[in-house]
Amino acid sequence: MRIDAQGYPTKTQSHRGKSPMLQVLSDSDGVKHNVWSQQQSASCGVAAIWMASCLARRQTMLETEWGRALRLYNNVVSPHAPDYSYSPSAPVSFAPALHEGNQKTVGNTFSAYGLHMHQVVQGLANDGVRSTYVTPPLRGLTIDSSRLQEGRPAICMLGWYRFRWAIDPEDRWDRVGGHFVVAARLASNGLVVYLDSAPGVLKENAPQATYGTTGQFEQFAYLTA
């Protein structure tokens, strides 16, 4: 499989017969990966948990994002005040402009706020996938690619940053959003294979602190089943 200048594979293959949010994409070594396209604006953590669980457990779990998101919210995000106002069998499309940036409801969480790394790690643990090491949060971290082995992916939290002038160098970056991606493996070309749920792509990057044009890695959770 050839890789273009942006690190994307030149060919993709739809996973026909399954949900349209799931594709099977091949990396530069021809290794196939399940890539989930998130359905809500802030559900990247849900998608990342599913993709990492499939890699660590070496099996494909057939479920919907909606059902997993509700279970994650009620069991992990807000176990003492679960939100049962939605039906698992009736997915809802949330409009971010109509929700608050907090985790007080399912809609707020997955449309305008998202998840924290510790919640993602707990969601993985509920799937039987444990973290072998979670890095302390720090902007500009670089992934330890030597930890990426078969059945041992990593969840990667990154921030989207905007540069602004300031006298203090530490004040020159404004965090304008966050995102979760999955580091699936280290390819034979030395690049890290990332599975990205927005918009549902496979990307190969050098092990570095940046992701795309404005992303900077902040935290990694290395996993095993």
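Just so you know, residue 1 is the first one in the sequence shown, and it goes up from there.
Put simply, the side chain of W50 reaches to within 4.5 Å of the side chain of E63, judged on heavy atoms. In this structure, Q40 and E65 have side chains that are in contact, with non-hydrogen atoms separated by less than 4.5 Å. Residues D27 and E204 meet the side-chain proximity criterion, which asks for heavy atoms closer than 4.5 Å. Put simply, the side chain of R152 reaches to within 4.5 Å of the side chain of T132, judged on heavy atoms. In this structure, the side chains of S197 and S37 stay at 4.5 Å or more apart for every pair of heavy atoms. H179 places a side-chain heavy atom less than 4.5 Å from the side chain of D196. Looking only at side-chain heavy atoms (C-beta outward), H33 and S26 stay at 4.5 Å or farther from each other. Here the side chains of D127 and R68 are in contact, with some heavy-atom distance below 4.5 Å.
Counting heavy-atom neighbours within 6.0 Å of R175 CZ, excluding the residue itself, gives a total above 12. Heavy-atom neighbours of E150 CD from other residues, nucleotides or ligands within 6.0 Å: at or below the threshold of 12. More than 12 non-hydrogen atoms from other residues, nucleotides or ligands lie less than 6.0 angstrom from CZ of R147.
In this structure, Y86 has its ring center closer than 6.0 angstrom to the ring center of F94.
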Residue pair C54, M61: steps toward the side-chain contact (heavy atoms from CB on, under 4.5 Å) verdict: CA-CA 7 Å; C54 288; M61 296 175 290; 4.0 Å; yes
Derivation of the side-chain hydrogen bond (donor to acceptor under 3.5 Å, both in side chains) call for W66 and Q39: CA-CA 8 Å; W66 181 248; Q39 305 297 290; over 6 Å; no
CA sep, side-chain torsions, deciding dist, call: L191, N205, side-chain contact (heavy atoms from CB on, under 4.5 Å): CA-CA 5 Å; L191 301 180; N205 284 346; 6.0 Å; no
Pair F110-L115, side-chain contact (heavy atoms from CB on, under 4.5 Å): steps then yes or no: CA-CA 8 Å; F110 298 115; L115 300 173; 4.1 Å; yes
Steps toward side-chain contact (heavy atoms from CB on, under 4.5 Å) verdict (F220, L141): CA-CA 8 Å; F220 300 100; L141 291 178; 3.7 Å; yes
F217 and Y211: CA distance, side-chain angles, deciding distance, ring pair (Phe, Tyr, Trp, His ring centres under 6.0 Å) verdict: CA-CA 7 Å; F217 287 112; Y211 184 85; 5.8 Å; yes
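Between the CG atom in L72 and the CG atom in N126 there is a gap of 8.0 Å [rounded to 0.5 Å]. Taken to the nearest 0.5 Å, the CD atom of Q122 stands 9.5 Å off from the CG atom of N75. Rounded to the nearest 0.5 Å, atoms OG1 (T210) and CG (L158) are 10.5 Å apart. Between the CE atom in M117 and the OG atom in S131 there is a gap of 9.5 Å [rounded to 0.5 Å]. From C44, atom SG reaches atom CE of M157 across 10.5 Å, with rounding to the nearest 0.5 Å. For the atom pair R58 CZ and S53 OG, the distance stands at 14.0 Å (nearest 0.5 Å).
Nearest approach of G190 to P207, heavy atoms of both residues: O-CD, 3.6 Å. When all heavy atoms of Y222 and D144 are compared, the closest pair comes out as OH-N, 2.9 Å. Taking both residues in full, the closest heavy atoms of A52 and L124 are given as CB-CD2, 4.0 Å, listed atom of the first, atom of the second, then distance. Scanning all heavy atoms of the two residues, the minimum distance from A187 to D29 falls at CA-OD2, 3.4 Å. Annotation for Q103 and Y73: closest pair O-OH, 2.8 Å, computed over non-hydrogen atoms. Across A198 and Q38, no two heavy atoms sit closer than the pair CB-OE1, 3.5 Å.
Within the 3.5 Å criterion, the main-chain N or O of N74 finds no donor-acceptor partner in the side chain of S78. Using a distance-only test at 3.5 Å, with no hydrogens or angles considered, no donor-acceptor pair links the side chain of Q219 to the main chain of V134.
Ion pairing of K104 with D83 is absent here, as no side-chain N (NZ or NE/NH1/NH2) approaches a carboxylate O to less than 4.0 Å.
Two different hydrophobic clusters hold V181 and Y113 under the rule that ILVMFWY side chains link at heavy-atom gaps under 4.5 Å. No chain of hydrophobic side-chain contacts below 4.5 Å, direct or via other Ile, Leu, Val, Met, Phe, Trp or Tyr residues, connects V31 to W36. The hydrophobic clustering, which links ILVMFWY residues whose side-chain heavy atoms are closer than 4.5 Å, places L70 and V77 together. When the side chains of ILVMFWY residues are joined at heavy-atom separations under 4.5 Å, either directly or via intervening members, V106 and L98 end up in two distinct hydrophobic clusters.
No option in L55, L25, V201 other than L55 meets the side chain to side chain contact (heavy atoms under 4.5 Å, CB included) test with L195. The side chain to side chain contact (heavy atoms under 4.5 Å, CB included) test with V24 singles out one residue from L202, N34, V35, T60, and that residue is N34.
By the 6.0 Å and 45° rule, R139 stacks over the aromatic ring of Y161.
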